[in-house]
Amino acid sequence: MVTSLAHTHHGRQYLAQEGVIDQISNIIVGADSDPFSSFYLPGFVKFFGNLAIMDSPQQICERFPVFVEKVFEMTESQDPTMIGVAVDTIGILGSNVEGKQVLQKTGTRFEHLLMRIGYQAKNASTELKIRCLDAVSSLLYLPPEQQTDDLLRMTESWFSSLSRDPLELFRGISNQPFPELHCAALKVFTAIANQPWAQKLMFNSPGFIEYVMDRSVEHDKVSKDAKYELVKALANSKTVAEIFGNPNYLRLRTYLSEGPYYVKPVSTTAVEGAE
């Protein structure tokens, strides 16, 4: 209920005036000594995540450092519910540039957290894997107008912190026979598709371009749409023709113009006398 109040400016003002935000912060501080904290911590952490993204990630995280501390702590938990909420919150927090910079300031702690997310994306239950992949997509996406050298270096280093070979990790996940997982992995590729460092990785990864161009991989509408979004992100990037080379760029443009559900016509030749 308080989280929905935080979605409006006057709602946030009211919560601040009534001391509710400070009260919730104090409850999080005391959670360690409360055996029942697992019942309310997920909700309160979600509340701060929403508050940060609605207001200012930097201000909220500086004013309530216990919130960031608790999120980091929860990713180390053995409880999948806690990990899930922490991962969702990191994804919300890192969905805009200011939030990304707040996370970047935590330095090696955040690199370690990314390793944990990469590990969970590979080994957790299907539901938690999807939540991890969604958070990774949110963290790594940079709109073209915000792609400064510093931010591109940051997303590249975050990507490499996820695993020893992150591109192969996500490609492996996308090859699993579960449409939800397949689409969540494609979403990660789509998030980084307009960043030059990622295009170089894709180009240098054996078989990756063929995998992107292969329409036979996706069998359902949702997966075909997700693949099309990836092709669109690549084809509309200003740097892809130079990095992928002109022939591959033209193949992407052809895929784009044919649409997500195009099926190559099979030519049959009639033979006289055949049954």
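All figures in this text were calculated on a predicted structure; none of them were measured in a lab. One is the number of the first residue; the rest follow in order along the sequence.
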K.L.:
Hydrophobic clusters here meaning ILVMFWY residues chained together by side-chain heavy-atom distances under 4.5 Å, can you tell me if Met202 and Val240 are in one?
P.N.:
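Same hydrophobic cluster.
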K.L.:
If you look at every heavy atom in Ser205 and Arg171, which pair is closest and at what distance?
P.N.:
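Scanning both residues, the minimum pair turns out to be OG-NH1, 3.3 Å.
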K.L.:
Taking C-beta and beyond as the side chain, do Leu256 and Arg253 meet within less than 4.5 Å on heavy atoms?
P.N.:
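Touching, per the 4.5 Å side-chain cut-off.
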K.L.:
Is the side chain of Lys227 donor-acceptor paired with the backbone N or O of Val222 at a distance under 3.5 Å, no angle test?
P.N.:
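A pair under 3.5 Å: no.
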K.L.:
Give a yes or no on whether the backbone of Leu181 and the side-chain of Gln176 come within a donor-acceptor separation of less than 3.5 Å.
P.N.:
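No, Gln176 side chain to Leu181 backbone: no donor-acceptor pair under 3.5 Å.
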K.L.:
Is there a side-chain contact between Leu152 and Glu156, using heavy atoms and a 4.5 Å cut-off?
P.N.:
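Result no, sub-4.5 Å side-chain heavy-atom pair not found.
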K.L.:
Go through Phe67 and Thr89 one step at a time and tell me if the side-chain contact (heavy atoms from CB on, under 4.5 Å) criterion holds.
P.N.:
CA-CA 10 Å; Phe67 155 61; Thr89 308; 3.7 Å; yes
K.L.:
For a 4.5 angstrom cut-off between non-hydrogen side-chain atoms, does Leu5 reach Val20?
P.N.:
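Side chain of Leu5 against side chain of Val20, heavy atoms only: no contact under 4.5 Å found.
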K.L.:
Are Leu151 and Leu139 in one and the same hydrophobic cluster, where Ile, Leu, Val, Met, Phe, Trp and Tyr link if side-chain heavy atoms are under 4.5 Å apart?
P.N.:
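Leu151 clusters together with Leu139.
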K.L.:
Test side chain to side chain donor-acceptor pair (under 3.5 Å) on Ser25 and Asp22 and set out the steps.
P.N.:
CA-CA 5 Å; Ser25 174; Asp22 290 317; 5.8 Å; no
K.L.:
Salt bridge between Lys70 and Glu73, side-chain N to carboxylate O under 4.0 Å?
P.N.:
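Salt bridge between Lys70 and Glu73, a charged N being under 4.0 Å from a carboxylate O: yes.
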K.L.:
Closest approach of Ile243 and Pro196, non-hydrogen atoms and distance?
P.N.:
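Shortest heavy-atom separation between Ile243 and Pro196 comes out as CD1-O, 3.8 Å.
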K.L.:
If you define the side chain from C-beta out and look only at heavy atoms, does anything of Thr75 sit under 4.5 Å from Ile117?
P.N.:
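Side chain of Thr75 against side chain of Ile117, heavy atoms only: no contact under 4.5 Å found.
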K.L.:
Would you please test Arg12 and Asn50 for side chain to side chain donor-acceptor pair (under 3.5 Å) and show each step?
P.N.:
CA-CA 11 Å; Arg12 291 193 294 279; Asn50 280 281; over 6 Å; no
K.L.:
Among Arg215, Lys221, Lys224, find the residue that satisfies the side chain to side chain donor-acceptor pair (under 3.5 Å) test when tested with Tyr261.
P.N.:
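That would be Lys221; it is the only one of Arg215, Lys221, Lys224 passing the side chain to side chain donor-acceptor pair (under 3.5 Å) with Tyr261.
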K.L.:
Show, in sequence, the C-alpha distance, side-chain angles and deciding distance for Ile21 and Phe64, and conclude whether the side-chain contact (heavy atoms from CB on, under 4.5 Å) test is met.
P.N.:
CA-CA 9 Å; Ile21 300 173; Phe64 304 101; 3.2 Å; yes
K.L.:
Does Gln59, at its CD atom, have more than 12 non-hydrogen atoms belonging to other residues, nucleotides or ligands within less than 6.0 Å?
P.N.:
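For Gln59, atom CD is not crowded (no more than 12 foreign heavy atoms under 6.0 Å).
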K.L.:
If you round to the nearest 0.5 Å, how far is CG of Leu162 from CE of Met115?
P.N.:
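It is 10.0 Å, given to the nearest 0.5 Å.
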K.L.:
Could you point out which residue of Val188, Val87, Leu128 forms a side-chain contact (heavy atoms from CB on, under 4.5 Å) with Leu133?
P.N.:
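Result for side-chain contact (heavy atoms from CB on, under 4.5 Å) with Leu133: Val188.
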K.L.:
Please report the closest heavy-atom contact between Ala226 and Leu186, naming both atoms and the distance.
P.N.:
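Nearest heavy atoms, Ala226 then Leu186: CB-CD1, 3.8 Å.
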K.L.:
Classify the angle between the aromatic ring planes of Phe110 and Trp158 as parallel (below 30°), tilted (30 to 60°) or perpendicular (above 60°).
P.N.:
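Aromatic pair Phe110/Trp158 classed perpendicular.
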K.L.:
Can you tell me if Ser223 uses its side chain to pair, donor with acceptor, with the backbone of His219 under 3.5 Å?
P.N.:
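Not a single qualifying donor-acceptor pair exists.
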K.L.:
Within this structure, what is the CE-CD1 distance for the pair Met54 and Ile92, rounded to the nearest 0.5 Å?
P.N.:
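These two atoms lie 9.0 Å from each other.
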K.L.:
Per the side chain to side chain donor-acceptor pair (under 3.5 Å) rule, which among Arg63, Glu98, Glu62 passes with Ser56?
P.N.:
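Among the candidates, only Glu98 passes.
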K.L.:
I would like to know whether Glu180 and Thr126 meet side chain to side chain donor-acceptor pair (under 3.5 Å); could you show each step before the answer?
P.N.:
CA-CA 9 Å; Glu180 299 95 335; Thr126 300; over 6 Å; no
K.L.:
If you draw a 6.0 Å radius around OH in Tyr14, do more than 12 non-hydrogen atoms from other residues or ligands fall strictly inside?
P.N.:
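Atom OH in Tyr14 is not packed in, count stays at 12 or less.
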K.L.:
Search all heavy atoms of Ala6 against all heavy atoms of Phe47 and return the closest pair with its distance.
P.N.:
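Here Ala6 and Phe47 meet closest at CB-CE1, 4.0 Å.
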K.L.:
Out of curiosity, does Phe44 fall in the hydrophobic cluster containing Ile83 (side-chain heavy atoms, cut-off under 4.5 Å, transitive links)?
P.N.:
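Both belong to a single hydrophobic cluster.
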K.L.:
Using a strict threshold of under 4.0 Å (side-chain N to carboxylate O), is an ion pair present between Lys200 and Glu242?
P.N.:
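Lys200 and Glu242: not salt-bridged.
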K.L.:
Which heavy atom of Lys100 sits nearest a heavy atom of Gly94, and at what distance?
P.N.:
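Heavy atoms only, the tightest pair is NZ-O, 2.7 Å.
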K.L.:
At what distance, to the nearest 0.5 angstrom, does CG of Leu114 lie from OG of Ser157?
P.N.:
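Rounded to the nearest 0.5 Å, the CG-OG separation comes out at 8.0 Å.
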K.L.:
Would Val85 end up clustered with Val2 when hydrophobic side chains under 4.5 Å apart are linked, directly or stepwise?
P.N.:
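Shared cluster, yes.
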K.L.:
Does the pair Asp134/Arg131 count as a salt bridge with the N-to-O cut at 4.0 Å?
P.N.:
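Salt bridge: no.
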K.L.:
Can you check whether Phe244's main-chain N or O pairs, donor with acceptor, with Asn248's side chain at less than 3.5 Å?
P.N.:
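Yes.
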K.L.:
Do Val212 and Leu201 land in one hydrophobic cluster if side-chain heavy atoms of ILVMFWY residues count as linked below 4.5 Å?
P.N.:
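Yes, it is one cluster - the side chains of Val212 and Leu201 are joined through contacts under 4.5 Å.
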K.L.:
Would you sort out whether Phe189 and Leu234 count as a side-chain contact (heavy atoms from CB on, under 4.5 Å), showing the intermediate values?
P.N.:
CA-CA 10 Å; Phe189 292 139; Leu234 284 167; over 6 Å; no
K.L.:
If you apply the rule side-chain contact (heavy atoms from CB on, under 4.5 Å), what do you find for Leu51 with Thr3, and how did you get there?
P.N.:
CA-CA 8 Å; Leu51 190 67; Thr3 302; over 6 Å; no
K.L.:
Between Asn194 and Gln147, is any pair of side-chain heavy atoms under 4.5 Å apart?
P.N.:
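Sidechains of Gln147 and Asn194: in contact.
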K.L.:
Measuring from atom CG of Asp165 to atom OG of Ser160, what distance do you get when rounded to the nearest 0.5 angstrom?
P.N.:
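Those atoms lie 11.0 Å apart.
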K.L.:
So, Asp34 and Tyr40: side-chain donor and acceptor under 3.5 Å apart, yes or no?
P.N.:
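The answer is yes; a qualifying pair exists.
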K.L.:
Between Ser174 and Tyr211, does a side chain to side chain donor-acceptor pair (under 3.5 Å) hold up when you go through it step by step?
P.N.:
CA-CA 11 Å; Ser174 78; Tyr211 160 77; 2.6 Å; yes
K.L.:
Is the closest side-chain heavy-atom distance between Met82 and Leu41 below 4.5 Å?
P.N.:
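Met82 vs Leu41: side chains touch.
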K.L.:
About how many Å separate NE2 of His182 and NZ of Lys187, when rounded to the nearest 0.5 Å?
P.N.:
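Here the rounded value is 14.0 Å.
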K.L.:
How many angstroms lie between CD in Glu229 and CG in Asp225, if you round to the nearest 0.5 Å?
P.N.:
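Here the rounded value is 7.5 Å.
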K.L.:
Below 4.0 angstrom, N of the basic side chain to O of the carboxylate: do Lys46 and Asp88 qualify?
P.N.:
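Looking at Lys46 and Asp88, the cut-off is not met.
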K.L.:
A side-chain contact here means heavy atoms from C-beta on lying under 4.5 Å apart; do Val136 and Phe170 qualify?
P.N.:
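Side-chain contact under 4.5 Å: yes.
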K.L.:
For residues Glu69 and Ile28, determine if any side-chain heavy atom of one lies less than 4.5 Å from a side-chain heavy atom of the other.
P.N.:
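A side-chain contact under 4.5 Å is absent here.
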K.L.:
Less than 6.0 Å separating the ring centroids of Phe203 and Phe208?
P.N.:
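No, too far apart.
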K.L.:
Side chains of Ser77 and Asp79 only: does a donor on one sit below 3.5 Å from an acceptor on the other?
P.N.:
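Per modelled atom types, Ser77 and Asp79 side chains form no pair under 3.5 Å.
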K.L.:
Does Glu145 have more than 12 heavy atoms from other residues, nucleotides or ligands lying within 6.0 Å of its CD?
P.N.:
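Check passes, neighbour count above 12.
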K.L.:
State, to 0.1 Å, how close Ile60 and Ala52 come at their nearest heavy-atom pair, and which atoms those are.
P.N.:
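Shortest heavy-atom separation between Ile60 and Ala52 comes out as CG1-CA, 3.8 Å.
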K.L.:
Which label fits Trp197 and Phe159: parallel for a plane angle under 30°, tilted from 30 to 60°, or perpendicular past 60°?
P.N.:
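Ring orientation, 0 to 90° scale: tilted.
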